[in-house]
Amino acid sequence: MFEYATVADLLNLAEKYNTSLAQIVLRREAEEYEMEEQQVIEKMRQRLRICADSIKEGLYDDRLSVSGMVGRDAVKIENMEPLLLGNIAHRALLYALAVSEGNAKMHKIVACPTAGSCGIVPAAVFAAGEAKGASKEKYCNAFFTAAGIGNIIAKNACVAGAVGGCQAECGTAAAMAAAAVVDILDGTNVQAAQAATLALKNTLGLVCDPVAELVEVPCVKRNGFYAVHALTAAEMAMAGVKSFIPPDEVIAAMYEIGRMIPVALRETSEGGLAKTPTARGMQNKLQKRQNR
Amino acid sequence: MGVFDIIGPVMIGPSSSHTAGAARIGLLSRYILKEEPVKADITFYGSFAKTYCGHGTDKAVIAGLLGCGADDPAIRNAYELAAEKKLTIKIRTSDEDVQHPNTVKINLFGIDGKTMEIVGVSLGGGKVSIRKINGFMADISGETYTLLTVYNDQSGVVPLVSSFLSKNDINISQMRVFRKGKHQQAVMIIDTDSRVPDAVVEEINALKIMKSVIAIDPLR
């Protein structure tokens with residue numbers, strides 16, 4: 001039995017079977033859905049291909065979204081040599097913007113864990129993987145590790161902005177991405193779990209206040225920020241930095257905070273950025289255009 | 001919950017509730033109509049009414065009605081596709097108070113004259129539920145094979161219908177019964193592990209007490 005409910009369970013199982021987190025996640029999936037492991041791997045490879053395509057398509061498309069609020073920032077990043085960021089972080093920022101802008105422009109994406117946060121995991125994993133010359137198998141394992149972390153957060157907290165604010169969406173995505181990047185770097189299971197924890201811990205309290213109720217502002221640029229955030233967490237974990245608060249306690253805290261965030265800041269667009277004069281002006285403009 | 005609920009679903013952006021869910025409601029409505037639709041009057045409520053343009057909710061519903069899944073890039077060109085397939089579309093918004101913020105009502109007209117009024121809600125993460133069909137309460141998720149039967153409320157209908165299923169070795173996973181009132185019209189919704197063959201649907205439909213029987217396939 002490979003069932004796990006917590007990060008502690010996942011780490012214990014991996015230790016018991018002397019294997020990686022990714023292997024436990026894969027075996028549990030095969031067991032639960034009565035599939036061959038190879039079938040599960042093939043399905044994950046398909047998802048990886050769609051993620052890779054969503055990066056390419058996002059980079060290629062320089063149109064604005066229907067609202068006109070987002071759509072051309074990936075191009076700006078691509079056209080400039082990095083001034084401050086290293087190459088991997090610069091690529092991660094670029095890819096995350098490309099995927100998230102593509103999402104706003106009705107491209108095909110893999111929700112990861114949600115559509116609003118779909119840029120973070122592919123961006124961080126592909127930016128790190130390309131730089132390290134990762135094999136297909138390695139990408140696949142990294143995504144299984146990410147899925148394991150995501151499943152645990154979904155089970156013990158939540159991954160919907162309407163339930164727990166943006167910390168539940170972009171926070172979870174960053175945690176998943178950080179663990180996956182540690183996998184790409186051949187880090188240990190504990191380091192992967194720590195990277196996820198450090199990433200999630202430092203998104204706590206993040207609210208969901210989208211302008212005009214659209215998945216655009218602040219979502220698109222936030223995907224760029226949190227892809228780099230995930231790399232920072234992975235870098236810390238690889239250096240041996242540990243979260244003082246253990247993984248499962250941080251996840252529980254995220255959920256508790258999520259339930260305390262006022263409803264106005266949980267995807268209802270009734271507070272925060274969504275209530276600023278500029279946002280209200282935009283909303284009125286879009287409403288008029290739609291009614292025409 | 002599995003790995004591919006987290007690394008997924010694969011969908012056309014931007015929103016799992018307002019785009020992917022909307023496409024699934026459209027497609028499920030097509031499965032329920034069981035005819036090529038020629039006309040669709042679509043009414044959006046709540047958040048759908050406020051934001052359908054920016055989320056492409058209209059395009060998603062239309063593409064679904066034309067047979068597209070939530071991951072089909074054809075959603076982007078749904079209006080052109082509708083013109084090509086001779087489906088007439090009318091979009092309306094309503095500020096009427098509804099229970100769920102992401103609600104759509106679709107009045108569908110089929111090529112052979114069948115009409116249906118379908119109310120669907122998008123529950124988040126791409127999950128949906130058809131809540132009303134022709135004024136009847138329903139609860140259809142599109143995640144399993146579903147048999148929808150409409151009849152006059154009386155005792156013995158549940159074992160009668162289920163006997164046809166057990167005779168054909170079809171396992172029932174869930175069952176829900178709604179009625180307008182005692183001895184009035186009733187709806188029984190049966191989720192099954194396998195497809196109910198057309199011949200069995202015909203057999204149940206031939207029962208005197210039955211008004212209609214519809215077998216609905218799960219969404220892709």
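Protein chains get the first letters and strands the later ones, always in sequence-line order, with residue 1 at the start of each. Keep in mind that the numbers below use all heavy atoms, side chains included, and drop hydrogens, waters and symmetry copies.
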**Q** Which atom pair, heavy atoms only, marks the closest approach of P14(B) to A115(A)?
**A** O-CB, 3.4 Å

**Q** Give, as side chain, backbone, both or neither, the part of M44(A) having an atom under 4.5 angstrom from any heavy atom of chain B.
**A** both

**Q** Heavy-atom distances under 4.5 Å only: say whether A212(A) touches chain B with side chain, backbone, both or neither.
**A** backbone

**Q** Please identify, among A60(B), P9(B), G125(B), P101(B), the residue contributing the most non-hydrogen atom pairs under 4.5 Å to chain A.
**A** P9(B)

**Q** So, do F144(A) and I7(B) sit near enough that their side-chain heavy atoms are less than 4.5 Å apart?
**A**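 Heavy-atom side-chain distance check fails, nothing below 4.5 Å.
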
**Q** On a heavy-atom basis, which atom in A147(A) and which in V3(B) lie closest, and how many Å separate them?
**A** CB-CG1, 3.8 Å

**Q** Inter-chain polar pairs, chain A versus chain B: which donor-acceptor atoms lie under 3.5 Å apart?
**A**
residue	atom	partner	partner atom	Å
R28(A)	NH1	M1(B)	O	3.1
E29(A)	OE1	V3(B)	N	2.8
E29(A)	OE2	V3(B)	N	3.4
Y33(A)	OH	G2(B)	N	3.2
R47(A)	NH1	F4(B)	O	3.3
R47(A)	NH1	I7(B)	O	2.7
N103(A)	ND2	P14(B)	O	3.0
M106(A)	O	R76(B)	NH1	2.5
H107(A)	O	G13(B)	N	2.9
I109(A)	N	M11(B)	O	2.7
I109(A)	O	M11(B)	N	2.9
A111(A)	N	P9(B)	O	3.0
A111(A)	O	G8(B)	N	2.7
E213(A)	O	H55(B)	NE2	3.2
E213(A)	OE1	S47(B)	OG	3.1
E213(A)	OE2	K50(B)	NZ	3.1
Q290(A)	OE1	C53(B)	N	2.9
Q290(A)	NE2	A49(B)	O	2.9

**Q** With only heavy atoms counted, which part of V40(A) is less than 4.5 Å from chain B, the side chain, the backbone, both or neither?
**A**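 For V40(A), backbone and side chain are both near chain B.
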
**Q** If I measure from the heavy atoms of chain B, does L214(A) come under 4.5 Å with its side chain, its backbone, both, or neither?
**A**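 The answer is both parts of L214(A).
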
**Q** Given the options I109(A), V25(A), V66(A), which has more heavy-atom pairs under 4.5 Å with chain B than any of the others?
**A**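 Result: the option with the highest number of such pairs is I109(A).
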
**Q** At their closest point, which heavy atom of A154(A) faces which heavy atom of I6(B), and how far apart are they?
**A**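 Heavy atoms of A154(A) and I6(B) come nearest at CB-CD1, 4.0 Å.
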
